[in-house]
There are 2 protein chains.
Amino acid sequence: MSETVTVAVTGAAGNVCQSLLFRLAAGEPFGPDASIRLQLIEKSESMKALEGLAMELEDCALPLLESVSLHDDPVSGFKDVDFAILTGAKPRTPSMDRMQQLQENPSIFVEQGRALGKVAKETVKTLVVGNPANTNALIAWANARYLPHHQFSALMRLDHNRALGFLARKIGINPLRIKRLTIWGNHASTLFPDASHLRIDGQPIRMALDMNWYRDIMIDQVQQRGAAVISCKGKTSSSSAAQAIIDHLRDWRFGTEEGDFVSMGVLSQGEYGVTPGLFFSYPVTCRKGRAEVVEGLDLDDFCRRMVRVTEEELVRERKAIENLLPMSPELLLARAHSEVA
Amino acid sequence: MSETVTVAVTGAAGNVCQSLLFRLAAGEPFGPDASIRLQLIEKSESMKALEGLAMELEDCALPLLESVSLHDDPVSGFKDVDFAILTGAKPRTPSMDRMQQLQENPSIFVEQGRALGKVAKETVKTLVVGNPANTNALIAWANARYLPHHQFSALMRLDHNRALGFLARKIGINPLRIKRLTIWGNHASTLFPDASHLRIDGQPIRMALDMNWYRDIMIDQVQQRGAAVISCKGKTSSSSAAQAIIDHLRDWRFGTEEGDFVSMGVLSQGEYGVTPGLFFSYPVTCRKGRAEVVEGLDLDDFCRRMVRVTEEELVRERKAIENLLPMSPELLLARAHSEVA
């Protein structure tokens, strides 16, 4: 093995991890040359279930899996990690709305952000999955002293893949052939799947796409897909989230494909007129382990209105958790600027 | 894509499949050149949950996944399939013993075997996972007219991987370096993990292995591992079973590594003195899509006694379900011989 990657996962006994951990340990997304150390983090009351899961990991005899350790404390769990995947959050039940989630979840991200800043590697990359993912990413970064914002991102790839799936099925082509899709904004029902920059085999898509279907049906289907899965399964999306996490991490580490971009929630600095200081989903390209917002895309009035709606939701979310940020949004932005410099 | 592989999976909304289906669809174990059609089979009352899972499969936008169809009937579900993975069975609960399972599960394998014989491709390979897996494999094959026995196998790879994991951790080496492990017999607590033919980096292992630990501790740990996982998780092994299914299918399709063998439950024809006509776990090598029992290994008295115990259990299991076989064991064997000829 040329390299060892140490990965911490919170919510490690949860549904997403039943699939995710085994795929991480089998060599996705870090490739066949990197061996893996897993540091699994759970609440104390879930440690027994986590032990069972760790036994199952051992029972795969995976050649890349160097070690598995279990932690009920982020300060030990994040020690020296290269990646932190924060899936731990109270899953949304059919009867729970987003505001309830916003009240119940974010405080654990204060603690986790602090622990990351204290004990993780300086180069640690943190992917926030637990909802409200964008706002939780803001809380985690803001509380992680000394860690630059570009090492934090929120998972939007599930929405991105969902939209790609809808488009590919509608047009009747392989999703691989569709490039330059963007999900803008919040991982929530306000998100905006933007088809206006799409290419199929390098050609603009507008001719191939039924724009009435896209505006009247598809946007809503993507926005409501999580709820539709819950209503069928009685549980939140899990294995599709695991796939999205793998795709996100692989692109973050190895880079996006030439000519394509993907959607990630990253700290806005005013690109496309969005309020700075939100973890906002943008089109990004990844090079050398770093995601950069794709600039210069033309947004028509419809797109701008849609972006505005999801932006306003994120501004409200930030307002609701301001007490969890160690400084004002303005000072946080100044910190972000100094990181870049 | 050079090829399409059509795979039916029963018990498709069950725990094993939450991980398995996504890995099949992502290109394991059939490789990056084969696109996949999934035909998912469940009981009528589980179809809604299965719909949710199918939505999640769509939401991954996987380029190799050509189609997903849902079936509450094996006759439509097995139509034209290349592989059938039979995971559907009542999972064992902490309070359920093996005899209860033996009474409740096997009759669905009569129906599934008949359907396979009727509508699957002539070349279909069937892997039985649902317990009692070995005896269920016998029932399925016996009821599948015209399908030769070598196209049926029972999953023993989970036990095999568990034993490999115990050995690798004890010796302190990568499991990749350990070859020629065998699980003999039944996927049950009588199974016999046989270390006597092991090689590490091509060398016999006996010197490196603490034989007291192996005889007094490890054998029992492997035999009881499934129960230990249940007692931690409150559920049967799922993601580790999915990994084992992938390993089994990959080897069955692409062949075992030169100089190594693996464990599969295949129809015994008297090899190593075992009663013919049982689906019995043997050391096998796979070449050109076919598993062949490795012959000529020396078994000492201890091994022979251990093999006898697990064989006797399988003879009792066959006796208990004889009414589900369409002909006597002797006639079934005559059928098996005529298939080979």
Side-chain angles (χ1 to χ4, degrees), chain A residues 1 13 15 17-23 25-26 28 35 48-66 158-169 174-178 225-226 228-235 237-244 246-247, chain B residues 1 13 15 17-23 25-26 28 35 48-66 158-169 174-178 225-226 228-235 237-244 246-247:
Chain A
M1 304 307 154
N15 283 332
C17 290
Q18 305 293 323
S19 175
L20 175 66
L21 300 181
F22 294 80
R23 299 182 69 174
E28 299 178 278
S35 52
K48 181 127 193 203
L50 188 58
E51 272 173 50
L53 198 61
M55 289 164 76
E56 284 209 72
L57 279 164
E58 290 180 348
D59 290 349
C60 293
L62 291 164
L64 295 175
L65 182 60
E66 198 177 287
L158 179 52
D159 308 295
H160 185 99
N161 286 347
R162 284 168 174 165
L164 214 49
F166 279 114
L167 286 164
R169 288 193 298 284
N174 194 300
L176 259 190
R177 294 171 57 195
I178 304 177
R225 185 67 162 183
V229 170
I230 291 177
S231 84
C232 271
K233 288 182 67 184
K235 287 187 271 194
S237 296
S238 51
S239 301
S240 56
Q243 178 70 48
I246 288 164
D247 292 343
Chain B
M1 304 306 154
N15 283 333
C17 289
Q18 305 292 325
S19 175
L20 176 66
L21 300 181
F22 295 79
R23 298 182 68 174
E28 299 179 278
S35 51
K48 180 125 195 207
L50 188 58
E51 272 173 48
L53 198 62
M55 289 163 76
E56 285 210 72
L57 279 163
E58 290 181 346
D59 290 348
C60 293
L62 291 164
L64 294 174
L65 183 60
E66 198 177 288
L158 179 52
D159 308 295
H160 185 99
N161 286 347
R162 284 167 173 166
L164 215 48
F166 279 114
L167 286 164
R169 288 192 298 284
N174 194 299
L176 258 190
R177 294 171 57 196
I178 304 177
R225 185 66 161 183
V229 170
I230 291 177
S231 84
C232 273
K233 289 182 65 185
K235 289 188 267 193
S237 296
S238 51
S239 301
S240 56
Q243 178 70 48
I246 287 163
D247 292 342

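All chains are named by letter (A, B, ...) in the order of the sequence lines, taking the proteins before the strands, and each is independently numbered beginning at 1. Here the structure is a predicted model, which is why all the values come from computation and not from measurement.
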Name the region of [X], side chain, backbone, both or neither, that has any atom closer than 4.5 Å to a heavy atom of chain A.
X: B/R169; value: side chain
X: B/A241; value: backbone
X: B/E66; value: neither
X: B/L62; value: both
X: B/S231; value: backbone

task = State the CD-CZ distance between B/E28 and A/R23, to the nearest 0.5 angstrom.
result = 7.0 Å

Looking only at heavy atoms, what is the nearest atom pair of [X] and [Y], with distance?
X: A/A49; Y: B/K233; value: O-CG, 4.0 Å
X: B/F22; Y: A/S240; value: CE2-N, 4.0 Å
X: A/V229; Y: B/G52; value: CG1-O, 4.4 Å
X: A/S238; Y: B/Q18; value: OG-OE1, 4.5 Å
X: A/Q243; Y: B/A26; value: OE1-CB, 4.3 Å
X: A/A61; Y: B/N161; value: CB-O, 3.6 Å

Interface residue of largest heavy-atom contact number with chain B, from A/M55, A/K48, A/H160, A/R177, under 4.5 Å = A/M55

key: Most chain B-contacting option - heavy-atom pairs closer than 4.5 Å, from A/S237, A/G165, A/A242, A/A244   =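 Of A/S237, A/G165, A/A242, A/A244, A/S237 has the most heavy-atom pairs under 4.5 Å with chain B.
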
query = What pairs with B/D59 under salt bridge (charged side-chain N to carboxylate O under 4.0 Å, His left out), at least two apart in sequence or on another chain?
reply =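 With neighbours one apart ignored, the set is A/R162, A/R225.
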
task = Using salt bridge (charged side-chain N to carboxylate O under 4.0 Å, His left out) as the criterion, list what pairs up with B/E51, not counting sequence neighbours.
result =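 Scan of B/E51 (salt bridge (charged side-chain N to carboxylate O under 4.0 Å, His left out), adjacent residues dropped) gives none.
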
